[in-house]
Number of protein chains: 2
Amino acid sequence: MATISDVARAAGVSRQTVSNALNAAHRLAPDTLARVTAAIEALGYRPDPTARSLRTGSRHAVAYPVPPDNPDRPNALMGGFLHCLVDEAGTRGFRILLTRTDRASIAEVIAARQVDGFVLSDVLSADPRLAELDAAGVPYVAFGRLGGSGGWVDVDSAAAMAEVVELLVAQGHRRVGYLGAAEDLPWMRDRRAGFLAAADRLGLTVESRPLPDALRAADRPTAIVAGDDWLGLAGYRMIGEAGLVPGRDVAVTGFNDLPLCDLVSPALTSVRIPVRLIARVLVGRLLDRLAGGPTPEHGALVAGELLVRASTPVRQG
Amino acid sequence: MATISDVARAAGVSRQTVSNALNAAHRLAPDTLARVTAAIEALGYRPDPTARSLRTGSRHAVAYPVPPDNPDRPNALMGGFLHCLVDEAGTRGFRILLTRTDRASIAEVIAARQVDGFVLSDVLSADPRLAELDAAGVPYVAFGRLGGSGGWVDVDSAAAMAEVVELLVAQGHRRVGYLGAAEDLPWMRDRRAGFLAAADRLGLTVESRPLPDALRAADRPTAIVAGDDWLGLAGYRMIGEAGLVPGRDVAVTGFNDLPLCDLVSPALTSVRIPVRLIARVLVGRLLDRLAGGPTPEHGALVAGELLVRASTPVRQG
DNA sequence: TTGAAAGCGGTACCAG
DNA sequence: CTGGTACCGCTTTCAA
């Protein structure tokens, strides 16, 4: 492996000049630059980022703690998200370092100064990792809304739920049930709130009885809005157990647009999460901040995409 | 941030002694060790892996190129796999660095000496990345079988397919169709070969007509073995289009055990891939190699787990 | 515009 | 068992 000294020797200049050729080419005389560049080419020289990091203190790397995965309900979007993250960071010369999610592991990565910043996801309220990062002064951005700072990006679930409600209203639904779960998760709470707000605004009646009972009542809801796709399928089951047919008798919507939406019968109307865009904005905000830019005032909301499928058919009459 | 010099000064020893306390504690007098340890604690000193790497040349990091993800058919197992990978590597003091999969990116990571080795997946035959790694002498292990070396781990699809065939035979099936696709992918070819071998050994007749036609024939196959779960669902559709009912009229099996197997109706019999075990063996082999151990002669095959569900019911008569 | 010297934070080697 | 010295490969500072 060629070092900077090898190149300097080959080009008949000092090591500094080689360094300048790489980092501040404009300060070199044209012919010197040409000579150095030729030597770099000839020797196949690549500066060692480790040595550079030691000197400059910047690591050109970002950590992403990989959330644990429930094998029975894997996050099918994770692979795509990471691919996009790597891609977006890569085009700006940064790498993604995976870490465990526990506080100790994160503390270690910070203490070892292995990265310049963090990308977080699945952030809970009062997440201990945030305290850790704040205390150490390590910049981060989160996928999912945070309390104060503008260092976050999230799906605009309120807007998405409003679209869902508008769809149902347009299809003639007047009484709708909401199927939620895990409401300790901020994003699940957020979706419910978005639904309720839109339902209120558009004059939809929200079912208050437990859904299994409500579906058997004479004035049963004609649609169920679920907090995610898995819950949507739970809705299918409830509907079936009430002797009704999902889609035909009761419309259903999900959230996340997992691939199973197209597979189940009827295909499930859902909201697609723009993974690529989210990765881009996350990386953009973090790297801008690392570059010394100001922290944006507000978090960024990106629109989900409502995909209407057979589970929300146009109603006859 | 405390440095090794700070600790040395605080403990009244040289930097070298602090270094020894960390890396070769047995060479220190007990009381010196105690003094140094106390100083480390007091100052919260953590050695900087970047500086250490510069000196030793080892990065304590492993690269994993993230395969691109088809949004319409995401790899639902990726999140869990990466989590396991991080976990297994982490317990041995190694980190996972994500990279892009293209040859140029990999060449860059190698040239920049950013990792000690690679974990690969989705390796094609004559994969250009292998040439790159071999040429540079960078150690690697692959999820998925490789030509010569023992640096790989894979699911024993032949054994798994044998289990599938045995199940079908036991259930009274005599004529079975195979539904494959993307046979340029080694693992897909491997599954088909495993099926054919087992069918041959157990005297099963393999359907040779195109499945849509065969299902309409009088001597139609009574079961379909699919190369993966998505193909299993394609099988469901073919069966339905032939006026038959999957599970009841024609048994179906998949492969991978995606979560959708439990969701579809009938639930799809499939083979679960032991992701955690695979990650463990991959990391184990790579790190053993990095530690100077010998390369194993053979690749490792790990058993898949056949999960029998409603799509392969016990046959009446 | 170019170069010499110092140093980033550790570890290897060797002397005592 | 401990410490002095050189050095890993690069960039920053300051003179020439």
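Below, chain A is the first sequence line, B the second, and so on; all start at residue 1.
- Using a 4.0 Å heavy-atom criterion, one finds that S53(A) contacts no nucleic acid atom at all.
- A tilted orientation is assigned to the rings of F143(A) and F81(A), their planes being inclined by 30° to 60°.
- The line from CZ of R145(B) to OG of S157(B) is 4.5 Å long, rounded to the nearest 0.5 Å.
- Between the C1' atom of dC8(C) and the CZ atom of R59(A) lies a distance of 10 Å, rounded to the nearest Å.
- Mapping T32(B) and L54(B) onto DNA chain D by nearest heavy atom places T32(B) at the nucleotide closer to the 5' end.
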Derivation of the side chain to side chain donor-acceptor pair (under 3.5 Å) call for S14(B) and T17(B): CA-CA 5 Å; S14(B) 73; T17(B) 302; 3.3 Å; yes
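- When the nucleotides dG3(C), dT11(D), dT11(C) are ranked by their closest atom to the side chain of R15(B), dT11(C) comes out on top.
- Here R9(A) pairs with D6(A) in a salt bridge; the nearest charged N to carboxylate O distance falls below 4.0 Å.
- Mapping N20(A) and L33(B) onto DNA chain D via the closest heavy atom, the residue that lands nearer the 5' end is L33(B).
- Under 3.5 Å, the side chain of R55(A) and the base of dG7(C) form at least one donor-acceptor pair of N or O atoms.
- For T56(B), whose side chain is taken as the heavy atoms from C-beta onward, the closest listed nucleotide among dT2(C), dT11(C), dT11(D) is dT11(C).
- Residue R27(B) places none of its side-chain N or O atoms closer than 4.0 Å to OP1 or OP2 of dC1(D).
- R9(B) has its CZ atom 18 Å from the C1' atom of dT2(D), to the nearest Å.
- T50(A) has no side-chain polar atom (N or O) that falls below the 4.0 Å cut-off from OP1 or OP2 of dC8(D).
- As a whole-Å value, the separation of D6(A) CG from dC10(D) P is 9 Å.
- You'll find that the side chain of Q16(A) is closest to dA5(C), out of dA5(C), dG10(C), dG3(D).
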